Amino acid sequence: MLKAIIVDDEPWVLEGLRTMVDWAKYGFELCGEAMNGPDALRMIERYQPDLVLTDINMPVINGLELISRVNGTMARPPRFIILSGYDDFQYARTALRERVEQYLLKPVDEEELELLLGQLSLLIQSEIASNDERQKKQSLIIGGMLSRLILGENEEDLRMMAANLMKLSGDTELLGILIDPPAAAAHLDAVESFFTPELVYSSFQDSAGRTGLLLQSAGLSRDSLKDGVRQLQLELTGLLQQPVTVMVTDRMTGIESLKDIYLQLLEMWKLRFGKEQGGVFFHCDFKKCGTEASREQTAFAKLPEKVMAGDPEEIESCVQDIFMSYARQLSAVEAVQAGIAHLEMTLCRLVAEHNGEPGTMMNGHQAKYGSLGDLGDYSRLSLYVSGLCRTAADYLAQLQEANEGNTIYNVIRYVDQEFRSKLQLQDLARQFHMNPAYLGQLFRKETGRSFSEYLNVKRIEAAKALLKRTELKISDVAAQVGFSNTDYFIDKFKGITGVLPSVYKNSDHSKQL
């Protein structure tokens, strides 16, 4: 049911509107009545109504002031219907500027009001459905971006777009939550029941299908966090009829901390999962284990270099030395697993940087050696690491051979990463030991555009994202994407998009996801 509030300083008007209209017939629940502006403001804040019917002439705060204040403070203000005995065009004109749906004179005609309620009910429900769909779409987009970031993609554009969509500033406080088993993803609507409405969160899934939450947590006390996650774990356990594990990280700052947040979650999962069947775990309780896991990550630090060198004997020797050291120190298997998980992420990132498919590599490896979390002894873990490193070395060698034989690929990759810098075709040709004219021909053949056209399109795409998601001035946007001259930027923007940057920024399509 949609919620409605009536505001009028005359009791008989309130009584008449309450009784003469069948509110439920039009999909409304009358959730409150107020006789003055201050009471109405408190009631609107409390109930978050979809519709407010208000008189104009009231004590303390009149109807138009009430509407103006609500519109200025609420992210999604209600619709308004003005009720007044003043047949004054000035009032009507002011009301229309404040997004008022109708201006009705007293005494209110019952049929006219009911007709209006029927129309507004359809309109509001349509808006709610559209907003829900938009939020669902945005949630999917954000979730996809977060998933790419936690898997090692480190593009500045990706981080910027995710931060802008989530309205994250550089000092926004964040914490991560990981929920296992993967089936919990179907019940994420339960999250809102256990945290304050002001808390903003986004969901993601990791490569194992586990559900993650990224919370903007500055306004969340430690006690509220503990209570919320414990209630969430109990609720999900009841819904799924199986043990549910909820892991919570330390608080960190900014979108750049996302990788560290996920590594903490993964570390906790490796250290605790398999020993505990369900429960809530906080990273602050893992300090001792965390120190050990960090040591194991350091032990594997040399392996990526051996993998890149591609020498099987060196790889095998290094793996054997690592596990002999583990045996002497009696390192916890769970801590070793956490170190291997970090190694996996490092190798996957190397594969992605060489234009490979990390998921394909890992799926093939795990099909042969099993899942890391299921390997509970040094012997099988050693075989797992040796196989992983050999697989990654062979795959990277294939990728390097393909890329080295295709110099233009490396040039384009460089331009994609450095397009914000001052790039010149002659400088690129010198850097990659090519003739400038020949490089220009190869660039057009590979991309379908000249070097300058490709560079400008790349910069304009980045500018469009900034115009959509930030309040930066046009000149600042131009500078951030690599244009030193604002007029030249405006000319190129219009040439590529068909509109001026200012028009694009303020148009409806620029706000779509």
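Residue indices begin at 1 and follow the sequence shown. Values reported hereafter were calculated over all heavy atoms of this structure, with side chains retained and with hydrogens, waters and symmetry mates removed. For clarity, every value in this text was computed on a predicted model and none was experimentally measured.
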Side-chain polar contacts of residues 477-489 - donor-acceptor pairs under 3.5 angstrom, sequence neighbours left out - could you list them?
residue	atom	partner	partner atom	Å
Asn485	OD1	Asp487	N	2.9
Asn485	OD1	Tyr488	N	2.8

**Study point:** Audit row: Leu51, Phe28, side chain to side chain contact (heavy atoms under 4.5 Å, CB included) steps and yes/no
**Key:** CA-CA 9 Å; Leu51 178 66; Phe28 287 97; 3.8 Å; yes

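- For the pair Val70 and Ile67, the minimum side-chain heavy-atom distance is 4.5 Å or more.
- For Ser371, the side-chain hydrogen bond (donor to acceptor under 3.5 Å, both in side chains) criterion is met by no residue, not counting sequence neighbours.
- Between Leu41 and Thr73 there is no side-chain heavy-atom pair separated by less than 4.5 Å.
- Residue pairs meeting the salt bridge (Lys or Arg N to Asp or Glu O under 4.0 Å) criterion with at least one partner in residues 43-52, sequence neighbours excluded, are Asp50-Arg76.
- Taken to the nearest 0.5 Å, the CG atom of Leu500 stands 14.0 Å off from the NZ atom of Lys505.
- Between the side chain of Tyr438 and the main chain of Ala429, no donor-acceptor pair closer than 3.5 Å is present.
- Partners of Lys306 according to the salt bridge (charged side-chain N to carboxylate O under 4.0 Å, His left out) rule, which considers only residues two or more places apart in sequence or in another chain, are Glu314.
- In this structure a side-chain-to-backbone donor-acceptor pair under 3.5 Å is present from Thr249 to Gly176.
- Atom CG of residue Leu425 and atom CZ of residue Phe443 lie 8.5 Å apart, to the nearest 0.5 angstrom.
- Taking 4.5 Å as the limit, every side-chain heavy atom of Val411 sits out of range of all side-chain heavy atoms of Leu442.
- Side-chain atoms of Val415 and Lys458, non-hydrogen and from C-beta on, never get closer than 4.5 Å to each other.
- With sequence neighbours left out, Tyr369 forms a ring pair (Phe, Tyr, Trp, His ring centres under 6.0 Å) with His365.
- Within the 4.5 Å cutoff, no side-chain heavy atoms of Lys368 are placed close to those of Thr391.
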Exercise for review: Given side chain to side chain contact (heavy atoms under 4.5 Å, CB included), test Gln233 with Ile179 step by step and report yes or no.
Suggested key: CA-CA 9 Å; Gln233 190 268 341; Ile179 304 172; over 6 Å; no

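- A salt bridge (Lys or Arg N to Asp or Glu O under 4.0 Å) check over residues 425-441, counting only residues at least two apart or in different chains, returns the pairs Asp427-Arg430.
- Summarising the geometry of Gly63 relative to Thr54, their closest heavy-atom pair is CA-OG1, 4.0 Å, with the distance given to 0.1 Å.
- Scanning all heavy atoms of the two residues, the minimum distance from Cys389 to Val307 falls at CB-CG2, 3.7 Å.
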Practice item. Starting from the C-alpha separation in whole Å, work towards a yes-or-no answer on salt bridge (Lys or Arg N to Asp or Glu O under 4.0 Å) for Lys464 and Glu461. Key: CA-CA 5 Å; Lys464 286 164 67 177; Glu461 286 302 312; 3.3 Å; yes

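- Between the CG atom in Leu53 and the CG atom in Leu117 there is a gap of 6.5 Å [rounded to 0.5 Å].
- Residue Ile474 comes nearest to Ser502 through the heavy atom pair CD1-N, 4.1 Å, listed as atom of the first residue, atom of the second, then distance.
- Counting heavy-atom neighbours within 6.0 Å of Arg413 CZ, excluding the residue itself, gives a total above 12.
- Gln337 places a side-chain N or O within 3.5 Å of a backbone atom of Leu372 that can act as its donor or acceptor partner.
- Between Leu2 and Leu120 there is no side-chain heavy-atom pair separated by less than 4.5 Å.
- Closest non-hydrogen pair, Pro49 versus Pro78, comes out as O-CB, 3.2 Å.
- Nearest approach of Tyr384 to Gln366, heavy atoms of both residues: OH-NE2, 3.7 Å.
- Atom CG of Leu265 sits about 11.5 Å away from atom CG of Asp180, to the nearest 0.5 Å.
- Within the model, atoms CG of Leu174 and CG of Leu213 stand 12.5 Å from one another, a figure rounded to the nearest 0.5 Å.
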Practice item. List the steps, then state whether side chain to side chain contact (heavy atoms under 4.5 Å, CB included) holds for Tyr414 with Leu423. Key: CA-CA 10 Å; Tyr414 181 83; Leu423 296 181; 4.0 Å; yes

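- Summarising the geometry, atom CG belonging to Asp476 is positioned 9.0 Å from atom OG1 belonging to Thr470; distances are rounded to the nearest 0.5 Å.
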Practice item. Would you sort out whether Leu116 and Tyr26 count as a side chain to side chain contact (heavy atoms under 4.5 Å, CB included), showing the intermediate values? Key: CA-CA 10 Å; Leu116 184 56; Tyr26 302 101; over 6 Å; no

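- For Ile340 against Phe300, the heavy-atom pair with the smallest separation is CG1-CZ, 3.5 Å.
- Within 6.0 Å of the NZ atom in Lys3, the count of heavy atoms belonging to other residues, nucleotides or ligands exceeds 12.
- A donor-acceptor contact shorter than 3.5 Å is absent between the side chain of Arg390 and the backbone of Pro312.
- The side-chain contact (heavy atoms from CB on, under 4.5 Å) test with Gln264 singles out one residue from Asp250, Leu175, Val248, and that residue is Asp250.
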